[in-house]
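Note: hydrogens, waters and symmetry copies are ignored here, and every other heavy atom, side chains too, is used. Each ligand, and each atom within it, is numbered from 1 in the order the structure gives. Throughout, residue positions are numbered sequentially from 1 according to the sequence presented.
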Amino acid sequence: MTSFREIPSVTALLKTEVLLEAADRHGQSAVTAEIRAAIERLRKQIATDEQPRETPSMETLAARIATTLDTRTRALLRPVINATGVLLHTGLGRAPLARAAAEAAFQAAEAYCSVELDLDTGERSKRSQAVADLLQLVTGAEAAHVVNNNAGALGLALGALAGGREVIVSHGELIEIGGGYRLPEVIETFGGKLRAVGATNKTRVDDYARAINSETAVLLAVHPSNYRVSGFAESPSISALARLAREKNIPFVHDIGSGALIDLGRFGFPDEPVAQASVKAGADLVLFSGDKLLGGPQCGIVVGREDLVQQVMRHPLNRALRVDKVTLAALRATLALYAQGDQALKTVPLLRRMSADADDLRRRAESLAEQLAAADGPWNCKVVEDQAYLGGGTTPEQGLASWSVALTSTTQTAEALARTLRLGDPAIVPRVQHERLIINLHAVEPADDHCLFNAINAALHQGAATT
Ligand SMILES: *Cc1c(COP(=O)(O)O)cnc(C)c1O
């Protein structure tokens, strides 16, 4: 029982130099809470230990508490250099914003903003008004609306249009995207009755036509996102479905998912649906994310027929899904870049990264590998051919030709090295593959290469020193 009495008090620990400094960084209450938690853990340990153990000294305990606080804070929301080779990584916040979009977001954030006030008339205005004109211009649609994300956009559209009646969708499109987002459950949750037609691999216009009855509310097409039916497969074109829906006077909703605003055929992705194409093919509502291939902030975009967009906006859940002024400002600035045509390929970071030249990537990888080799330590690096991916629920099978640096250390495992890099400054997220650390440069801006080298160099030395 002696060990209980040996545990330092909260007050005594708070007065140690290490924790006084920690309080400057994290605040007094966070440090106090962590001290209490550490003491509690120690008490439990002592109580359950069969063999009495030595109680750590005041200094050891204080240092341990400071490290816990530092590590935890360092592991929270921080800027990351994405060295995974996945351009749209949901875990890393999907698309980075263009400089113009980030600046617009900053300005909107810092001040009051005419988010729902028409400065011309002084009257209350609609929130989506701030981006509707540009969305109409860029997609060719009659009307537009923006909500929190695309899952919300689909839910709202179904909630507004289905009203307990049938939603016709192909068996081949009843997908799970990730994070528990399953289309059949989404449809039911938002008040639609699922009416699946066709087979997993083949669905024809006829299958939809035969399913239409007096209970039909919506004809729905969903891009299969990160899932592919290939081989003996068939699905009707969007224009054929639009024609059928128009004949039968049923709204046709097309969830295209990733929301490219330019044809990605030039990058080798001819099958990624483009918003304008879907509008042109006659879909009544087209839904997509703002932070996938559009390269903007997180949001869900609804474009299409004026009367249907109005109906969606009137749904009671619209308020629960509304976007804030910061998102609207960033989206408006991103869309303005698209309004300038091919310039967007250079100004929207996602498009710029997507069009990175493989030879350039190889040269950058070689330069990084040379610098790391010259830094001289117990590690090995080599330039390897690699694939980068769009990610974010886009074409899963097809990659972009890319290059990486493969790194191994003789003193630490690839997993340990990856953790040191993630906790470094700046944080770097690489891939671990076959016990090697893979640093892919496709999603890294060339301007960050030096910063990337410094962080890896520091992590390697730190790892070599602590083992
Ligand atoms: C990504 C995706 C969604 C969900 O969009 P979020 O913006 O992540 O909510 C819905 N449908 C499809 C087809 C998608 O690809």
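Here is the list of ligand 1 atoms found below 4.0 Å of a heavy atom in Ile177: 2 (C), 3 (C), 10 (C), 11 (N), 12 (C), 14 (C). Of all atoms in ligand 1, listed by their number and element, those nearer than 4.0 Å to a heavy atom of Ser225 are 15 (O). Ligand-side atoms of ligand 1 in range of Ser289: 5 (O), 6 (P), 7 (O), range being under 4.0 angstrom from any heavy atom.
A distance of 8.5 Å separates CZ of Arg74 from OG1 of Thr67, quoted to the nearest 0.5 Å. A distance of 7.0 Å separates OG1 in Thr203 from CD in Glu173, rounded to the nearest 0.5 Å.
The backbone N or O of Glu306 lies less than 3.5 Å from a partner atom in the side chain of Glu142, making a donor-acceptor pair. Between the side chain of Ser278 and the backbone N or O of Ala275, no donor-acceptor pair lies under 3.5 Å. At distances below 3.5 Å, not a single donor-acceptor pair connects side-chain atoms of Arg182 with backbone N or O atoms of Glu176. In terms of modelled atom types and a separation under 3.5 Å, the side chain of Arg127 and the main chain of Val115 share no donor-acceptor contact.
The closest protein non-hydrogen atom to atom 10 (C) of ligand 1 is Asn150 ND2, 3.3 Å.
Using cut-offs of 30° and 60° on the angle between ring planes, the pair Phe453 and His450 is tilted.
For ligand 1, the polar-atom distance check against Asp255 finds a nitrogen or oxygen pair separated by under 3.5 Å. Of the N or O atoms in Ala151, one or more lie within a sub-3.5 Å distance of an N or O in ligand 1. For ligand 1, the polar-atom distance check finds no N/O of Asp291 at less than 3.5 Å from any of the ligand's N/O atoms. Between Arg94 and ligand 1, at least one pair of N/O atoms sits closer than 3.5 Å. Residue His223 places no N or O, backbone or side chain, under 3.5 Å from any N or O of ligand 1.
In this structure, Lys292 is part of the shell of residues with a heavy atom less than 4.0 angstrom from ligand 1.
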